[in-house]
Amino acid sequence: MKSWKALQAHAAESMPHLRHLMEDEKRVNSLQASFEGIYMDYSRQNITAKTMELLMDLAQEARVLDRFKEMAQGKKINSTEGRAVMHMALRADKGDPFAVDGKDVVGPVHEVLGKIKAFSDKVRSGTHKGATGKPLTNVVAVGIGGSYLGAEFVAEALSTGPAADGAKGRTLRFLANVDPVAVERALRGLDPETTLVVVISKTFTTAETMLNARTLRKWIVDKLGEKAVPLHMIACSATPEKVKAFGIDVNNMFTFWNWVGGRYSVSSAVGVMPLSLHYGFEAIQQFLKGARSVDRHLLTAPPRKNLPLLMGLLGVWNSTFKGHATRAIACYAQSMLKFAPHIQQVDMESNGKSVAIDGTKLPFETGEINFGEPGTNGQHSFYQLFHQGRVVPMDFIGFVKSAFPIDNTKTGEVVNNHDELMSNFFAQPDALAYGKGPEELKKEGTPEPLISHKTFSGNRPSTVIMVDECNPYTIGQLLALYEHRTGVQGFIWGINSFDQFGVELGKVLGKKVRKQLSESRKSGAAISGFNSSTTRLLKMFLKP
């Protein structure tokens with residue numbers, strides 16, 4: 001692409017330091033965008049007007065927005081698996097034109113949503129009781145990867161604030177890891193009599209999920225008997241025959257479709273079912289509406305005002321053209337502590353590829369290593385590296401209003417707790433951008449031997465995203481922003497962001513190890529078929 005070569009040349013050019021770029025008020029004012037209470041300031045990126053012009057050319061040449069329209073039209077853009085990619089349909093309004101193979105999918109989506117509402121209302125009201133007649137106030141959601149991370153993020157995000165009122169007297173826990181310690185933690189303090197288990201697996205064959213599901217089934221049966229299983233276990237799946245064979249009432253199976261990728265499935269029954277049981281369907285409906293608002297914005301906003309497009313273009317600029325292989329998400333809100341882990345999967349499982357969509361080897365690397373921690377925790381963990389070590393582009397996310405305001409200024413505190421948090425939120429992007437040079441340190445009287453140690457080079461890029469408040473609607477918006485950012489980058493790189501063959505090899509080898517462990521423990525079978533290192537490790541593991 002012509003714009004690609006132009007960007008490569010531009011990236012090699014000398015660019016003023018951010019402390020100088022930030023003096024240009026016209027530039028600063030031009031590098032911001034907003035949508036429905038979400039404000040994004042990207043003036044602290046290492047970019048100029050020319051950079052943005054070239055990035056916009058790149059988006060046009062790569063047909064990024066057209067590709068999203070093809071996605072919304074139900075075209076099978078996941079070509080390696082022959083599937084449509086329709087997570088936008090999961091939050092569509094009734095009557096919205098989403099179809100796959102010429103068949104409407106919005107109607108079936110709303111049928112499932114209606115079924116979720118009806119069932120969750122029955123559980124929450126006590127109409128659907130457990131085997132001993134007690135209400136089911138505890139929910140354990142069993143799933144892994146995309147069947148877990150998104151729902152846990154939303155559950156944590158809503159745990160403080162208006163939506164939390166709907167969860168009073170209720171418990172929601174997640175069981176993902178196959179480690180038996182995870183089982184103990186998920187069940188700690190719970191009673192089978194008052195617990196409902198949601199098994200989340202599209203195929204009902206995921207090894208970790210099904211082992212955990214059988215473990216919890218036994219936990220229920222040991223106390224309440226086989227008759228309790230249909231009352232205490234439900235499923236989110238697409239395989240009714242396997243659900244029935246497990247002992248779950250197929251009427252309590254909430255389906256989703258093969259055009260829903262796992263990491264994009266929190267808007268399906270995967271997330272909506274456990275979250276509705278905990279917070280109530282109405283709150284989660286607002287979450288879906290928030291995501292839908294950003295879907296519409298993506299498909300209709302002009303490029304210069306299109307938030308997901310801008311975020312994706314900046315990601316490509318930083319990673320591909322500036323060589324930054326890592327990026328961080330710093331949410332200055334404790335309720336967002338599970339956002340970065342979810343986006344890790346959304347982004348790294350989607351864009352961690354090395355071949356183009358046609359199977360040819362790419363001449364550049366794709367994807368970034370994503371990580372993060374809530375502020376101000378991260379400041380006391382890894383910001384040292386950000387300020388004086390490697391350059392790591394950052395997204396700072398903050399909320400104008402606190403979900404749990406505390407104000408002790410009348411008893412001597414200088415600022416309220418939220419203002420203290422946000423003081424750091426506003427300071428860190430500038431510290432990264434401006435840095436602190438030797439001359440300034442000398443003026444402050446810093447001893448000569450310490451000047452180099454206390455110098456901050458600055459010129460480190462970041463984007464600031466500020467949202468009015470943390471509620472179900474805005475959480476849906478933030479989720480969709482980052483989902484679509486990933487898509488933007490994948491379309492530009494020319495890869496398939498919607499398959500994940502990279503997760504399969506380890507699973508295949510794991511089956512071989514599992515077979516060996518079973519045979520060795522049951523019959524003393526000798527270890528064979530492994531390299532010498534793995535053989536030695538297995539012998540150590542199996543040693544009596």
Side-chain angles (χ1 to χ4, degrees), residues 85-92 105 109-110 112-113 116-117 120 139-159 163 167 172-176 198-202 206 209 234-238 254-295 298 308 329 331 335-350 370 470-487 497-498 500:
V85 179
M86 294 291 279
H87 45 277
M88 284 192 278
L90 297 170
R91 49 255 191 161
V105 297
V109 164
H110 279 270
V112 174
L113 289 174
I116 290 172
K117 181 183 186 306
S120 61
V139 173
V140 179
V142 182
I144 197 165
S147 298
Y148 147 67
L149 288 165
E152 186 184 45
F153 148 59
V154 178
E156 289 286 352
L158 302 183
S159 63
L172 173 60
R173 295 181 185 171
F174 295 90
L175 176 56
V198 185
V199 183
I200 304 169
S201 174
K202 185 183 292 184
T206 308
T209 296
I234 64 173
C236 297
S237 180
F254 303 86
T255 196
F256 53 108
W257 303 268
N258 68 4
W259 42 258
V260 181
R263 55 194 173 276
Y264 299 98
S265 67
V266 64
S267 301
S268 73
V270 167
V272 176
M273 184 74 258
L275 292 167
S276 294
L277 286 165
H278 192 59
Y279 289 110
F281 181 79
E282 289 72 20
I284 308 311
Q285 194 171 37
Q286 287 301 307
F287 161 74
L288 296 174
K289 287 182 177 180
R292 180 62 177 137
S293 76
V294 171
D295 295 343
L298 168 75
I329 299 173
C331 298
S335 56
M336 295 283 285
L337 82 163
K338 293 296 183 180
F339 186 58
H342 176 51
I343 299 307
Q344 277 180 341
Q345 190 204 12
V346 168
D347 200 75
M348 294 169 73
E349 193 170 83
S350 294
N370 290 261
C470 182
N471 59 40
Y473 190 85
T474 57
I475 290 302
Q477 289 182 308
L478 286 169
L479 172 79
L481 274 177
Y482 278 81
E483 286 180 343
H484 296 322
R485 178 192 71 171
T486 293
S497 297
F498 308 105
Q500 56 284 326

- Using the six-membered ring wherever Trp is involved, compare the ring planes of His342 and Phe153 and label them parallel, tilted or perpendicular (cut-offs 30° and 60°). parallel

- Task: Would you indicate whether the side-chain heavy atoms of Leu113 and Val272 approach each other to under 4.5 Å?
- Result: yes

- Going by an N to O cut-off under 4.0 Å, is there a salt bridge joining Glu349 and Arg263?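 A salt bridge is present here (some side-chain N lies under 4.0 Å from a carboxylate O).
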
- Message: Any heavy-atom pair between the side chains of Val105 and Trp257 that's under 4.5 Å?
- Response: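 No, their side chains stay 4.5 Å or more apart.
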
- Message: Between Ser120 and Lys117 (side chain of the first, backbone of the second, donor and acceptor by atom type, cut-off under 3.5 Å), is there such a pair?
- Response: yes

- Message: Can a side-chain donor-acceptor contact be found between His484 and Asp295 if the only test is distance below 3.5 angstrom?
- Response: yes

- Query: Side chains of Tyr264 and Ser350: do they bring a donor and an acceptor to under 3.5 Å?
  - Reply: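 Yes - a donor-acceptor pair under 3.5 Å links their side chains.
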
- Message: ring-ring contact (aromatic ring centres under 6.0 Å, His included), that's the test. Do Tyr279 and Phe287 meet it? Break it down for me.
- Response: CA-CA 11 Å; Tyr279 289 110; Phe287 161 74; over 10 Å; no

- Is there a side-chain contact between Ile116 and Phe281, using heavy atoms and a 4.5 Å cut-off?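 Touching, per the 4.5 Å side-chain cut-off.
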
- What is the ring orientation for Phe339 with Tyr482, classed by angle as parallel under 30°, tilted 30 to 60°, or perpendicular over 60°?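 Geometry flag for Tyr482 against Phe339: perpendicular rings.
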
- Can you tell which of Met88, Arg91, His87 makes a side-chain contact (heavy atoms from CB on, under 4.5 Å) with Ser267? Arg91

- Item | Thr474 and Asn471 side chains, donor-acceptor separation under 3.5 Å | yes

- Heavy atoms, side chains only, cut-off 4.5 Å: are Val346 and Arg485 in contact?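 Answer no - side chains too far apart.
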
- Hey, does Met273 have a side-chain heavy atom less than 4.5 Å from the side chain of Ile234?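 Counting from C-beta outward, Ile234 and Met273 do come under 4.5 Å.
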
- In Å and rounded to the nearest 0.5 Å, what is the CD1 to CG distance from Ile343 to Leu479?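 These two atoms lie 6.0 Å from each other.
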
